[in-house]
Amino acid sequence: LTTLMMWLWPLYSIVAVAAAKDPASIFASKVKASAPEASLMVARAALDRAPGSDQAKQLVDAASALQDAEIKCASDKQCDKSLNDLLMDVRQGYSKRAALLQSKPKDLVKLQKALTKAEAKANRAQSELDDDDLKSPEDRAALASAKAAVDAARIALNEAKAAAAASARRTILLKPLSSLATKDDFQVVSTSPMVLVRDDWLGATGSRALDELPALLDAALDPPSTEEGASVEKLPTSAEDMGNGEEYAPKGSRPRLCLPFGGTAEEHAATDLLGIIDVAVDSAKFKGDNGEEHCAATAGLVDKKPAEWDEAEDGEWSGKYVTASDRYIAGAAHRCGPLTPAIDKALVRSDSVRFTASAEVAIDVLDAAMSEAAGFTLDAEKLASEIYAGLVERVDTSASIPDTWDVEEDGEWEAPMLPASTTVDLLAKLLKRGGANASGLHEAYSFSSGVELSRFRPATGGGSKLRAECDDWNTTSAKPLAAVTAILIATGDGKSTGGAVVFPALGITVPPRHGRLLLFESVLPSGECDPSSSYMVKQLDKSEQDVLLLKKSYFSDRSYSREENEGEGPSRGGHAVDCSVGTSPLHDCRRFEVVPATSGDFVIPLREGKASKHRNCMAQNELGPCFDPDWKEPPKQPKQPKPPKPTAATTTMTSEPETPKPLAPVMPGAPPPLPDQLTPGPHP
């Protein structure tokens, strides 16, 4: 036995090393069936549409399991509050959907007619009341009754639409990640749902862009005062820089901090935050009184008694802002107030910067690289090399010596220099020139969100709550679904667990590693949101380093609008910190920034290509037209009488062939992708 062990030990060592490198042993751990998060897998299984299965009953059973998990989570102090919130959201969505599936189908056309009729009656009643100078109680009652009928008709129609949507199968035009799982450099961490990891995949230019992300984030948080196209108010440095409470309303331009409000948990979180702000104010005042370097704006959050104030003569002094609560809560419905540098440092756990396409070259390069990795037909490294080269003055390598050039008379010929261009101009020219990368950029833009760069700060325990990218649990929303998420990790060595992306229901932890790409699906093939793909970023320890993540979502179809959902445009907005309820600490404060493009020369053509709707029916990367859904067969033409038979004396004539029945016209594809880049697909 000893001899056998001596022979087998080297083999065991090789297997052990291989297992250590195996992604499954690194990332995966078994989830206990009794754990609250395990119920998310039960919820996923309830979406299985097996032939003959009663899905309403499956949803009811899943909702019951989710409720048991909620109760267990609520009684466990170690259970994350965001998990409990997710369990409740999924349970409520499943319960509503089960009720919709069990409801009797309604005639939508009939209900729409009833609403139209009720609206017409209400309009007549309103008109009659407007024309009546006396406005009798009977007329007022008639109008109120007519308006109530409109509300009832609208509710009935919306409920019928929701019931129809609950039983309908959503169409997913985005290709599944299973098409990438066979590639050698992708590590398959999970198959249900599909989770892929890819390391060491960026080219030289892509790696250069990745290394530029920390500097880009710092510049976004503190942009230059003279930045073209974006006037950004700096964080205040003195008490004189701060205004009254109404100037800090949400969506304003002043740097603001907004506290949570609403329920009991929000009140506790707000109290916790105000206590931290009071400590920061006292510290700044103490340092200022002792001549030490301090944040004067933070000290100025509360009023200071004037030095010349004499209580014997002037009475007891009382300022407008005595505590932090007076700044952020008293008299302000929105609970927002000044954001100072010291408050930012004390409270903010993470930063989120959303970049408009063409705003920063490194972001656009990585955006293209992530889309190529997700299956879009792009050569991101080639695109990146071209864009980076165009940013500086360079020799025109395409130029040649003119035939009329005489060295003796004209001297030694030198190729002309090409001037440096901007990122916007270079990308706009690439689109206009056409080709594979132009088509790929159009297609990726049509299916995806913008890019969001996040930083998690260790000093304040940075991390993120559990969230689901796709959260339409009752399947009644008409919005496109976030089907695939791409996360590119810009920092880390793969050994630290802080800042790791964690999938609690799957037992999967993906540690941060420089250049690591994570792709995962959040929608089932049936078009339903998958609760088991919910994820979080693990809280950082104070001894760890910042973690930077670049995130992008790909949707089920081409109907997602960056302009509507992200505010894509020329406006930057003000510096903003929004605080919500956390677990440990009680608060979760996140700073939000937007970096706009200097012009719309790149974005607008992408929008126009997407808005044409000529390829909305086609799956990702497929080539072909869509049938026009509004086409109607033209009315039949009356039969023409047969011409008389020709006689021998007349010229030989041939009758006109019968006009064939016209076919439904097709709309040409737009933008026109290259045939060798896209695969022909069947007409839906």
Side-chain angles (χ1 to χ4, degrees), residues 27 31 37-49 62 66 82-83 85-87 89-91 93-94 97 169-181 186 188-198 370-371 373-376 444 447-452 454 464-489 501-510 517-537 549-560 565-566 619-620:
F27 304 124
V31 180
E37 56 267 29
S39 63
L40 295 174
M41 291 300 290
V42 176
R44 183 184 196 275
L47 303 177
D48 180 22
R49 293 189 177 188
L66 288 164
S82 60
L83 171 59
D85 292 343
L86 178 65
L87 293 171
D89 290 343
V90 179
R91 173 181 60 80
Y94 278 24
R97 188 180 176 204
R169 187 182 180 96
R170 297 283 288 266
T171 301
I172 307 297
L173 299 179
L174 189 74
K175 288 193 174 180
L177 291 181
S178 56
S179 59
L180 306 174
F186 277 100
V188 180
V189 183
S190 169
T191 55
S192 300
M194 184 67 72
V195 181
L196 305 177
V197 171
R198 193 180 187 189
M370 294 164 75
S371 294
F376 289 87
F447 273 100
S448 68
S449 69
V451 177
E452 179 185 15
S454 298
S464 76
K465 299 183 291 186
L466 187 66
R467 60 170 297 174
E469 291 293 334
C470 180
D471 57 1
D472 180 20
W473 307 120
N474 55 36
T475 68
T476 58
S477 173
K479 293 182 178 180
L481 307 176
V484 170
T485 299
I487 297 177
L488 177 57
I489 304 173
V501 180
V502 180
F503 299 86
L506 307 178
I508 292 173
T509 299
V510 182
L517 178 66
L518 170 66
L519 295 170
F520 62 92
E521 292 179 340
S522 49
V523 170
L524 294 165
S526 57
E528 295 155 309
C529 296
D530 187 350
S532 69
S533 65
S534 303
Y535 71 100
M536 62 192 297
V537 175
L549 306 178
L550 196 66
K551 183 172 80 72
K552 183 176 178 68
S553 297
Y554 298 91
F555 292 86
S556 53
D557 56 42
R558 297 177 178 86
S559 60
Y560 180 80
N565 294 283
E566 303 171 12
Q620 174 193 339

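Because only heavy atoms are used, hydrogens play no part in the values below, and waters and symmetry mates are left out as well, while side chains stay in.
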Glu521 side chain reached by Ser533 side chain, heavy atoms, under 4.5 Å:
no
Using side chain to side chain contact (heavy atoms under 4.5 Å, CB included), reason through Met194 and Leu519 one step at a time and then give a plain yes or no.
CA-CA 8 Å; Met194 184 67 72; Leu519 295 170; over 6 Å; no
Could you state the interatomic distance from NZ (Lys175) to CZ (Phe447), rounded to the nearest 0.5 Å?
10.0 Å
For the atom pair OG (Ser448) and CZ (Arg558), what is the distance rounded to the nearest 0.5 Å?
11.5 Å
Show your reasoning for whether side chain to side chain contact (heavy atoms under 4.5 Å, CB included) applies to Leu196 and Val188.
CA-CA 5 Å; Leu196 305 177; Val188 180; 3.7 Å; yes
Nearest-0.5 Å distance that lies between atom CH2 in Trp473 and atom CG in Leu86
6.0 Å
Kindly indicate whether the side chain of Pro193, heavy atoms from C-beta on, has any atom under 4.5 Å from the side chain of Ser532.
yes
Contact summary for Ala505 and Val31, nearest pair of heavy atoms
O-CG2, 3.7 Å
Under 4.5 Å between any side-chain heavy atoms of Leu518 and Val195, yes or no?
yes
Output the distance between atom CG (Leu174) and atom OG1 (Thr171), rounded to the nearest 0.5 Å.
13.0 Å
Check: Ser556 side chain, Leu481 main-chain N or O, donor-acceptor pair, under 3.5 Å
yes
Tell me the closest heavy-atom pair linking Tyr554 and Ser371, and the distance in Å.
OH-OG, 2.9 Å
Is the shortest side-chain heavy-atom distance between Leu83 and Pro504 below 4.5 Å?
no
Who passes ring pair (Phe, Tyr, Trp, His ring centres under 6.0 Å) against Phe520, sequence neighbours left out?
Phe503, Tyr535
Quick one, Lys479 and Ser559 - any side-chain contact, counting heavy atoms below 4.5 Å?
no
With a 4.5 Å cut-off on side-chain heavy atoms, are Leu177 and Val484 touching?
yes
Can any side-chain N or O of Tyr94 pair as donor or acceptor with the backbone N or O of Ala43 at less than 3.5 Å?
yes
For the residue pair Arg198 and Leu180, establish whether any side-chain heavy-atom pair is separated by less than 4.5 Å.
no
Looking at every non-hydrogen atom in both residues, tell me the closest pair between Ala482 and Val523 and how far apart they are.
O-CG2, 3.5 Å
Separation of Glu452 CD from Leu550 CG (nearest 0.5 Å):
9.0 Å
Using a strict threshold of under 4.0 Å (side-chain N to carboxylate O), is an ion pair present between Arg97 and Glu528?
yes
Could you work out, with ring pair (Phe, Tyr, Trp, His ring centres under 6.0 Å) as the rule, every residue matching Tyr560, not counting sequence neighbours?
Phe555
Is the shortest side-chain heavy-atom distance between Val537 and Leu549 below 4.5 Å?
yes
Quick note, salt bridge (Lys or Arg N to Asp or Glu O under 4.0 Å) partners involving residues 464-477, not counting sequence neighbours, are Arg170-Asp472, Arg467-Glu469, Glu469-Lys551
Over all atoms of both residues, closest heavy-atom pair of Ser190 and Ser192
OG-N, 3.5 Å
Do you know which two heavy atoms are closest between Ala486 and Met370, and how far apart they sit?
O-CE, 3.5 Å
For Ala46 and Ala62, the nearest pair of non-hydrogen atoms, with its separation, is CB-CB, 3.6 Å
Can you tell me how far the CG atom of Leu40 sits from the CG atom of Asp530, to the nearest 0.5 Å?
9.0 Å
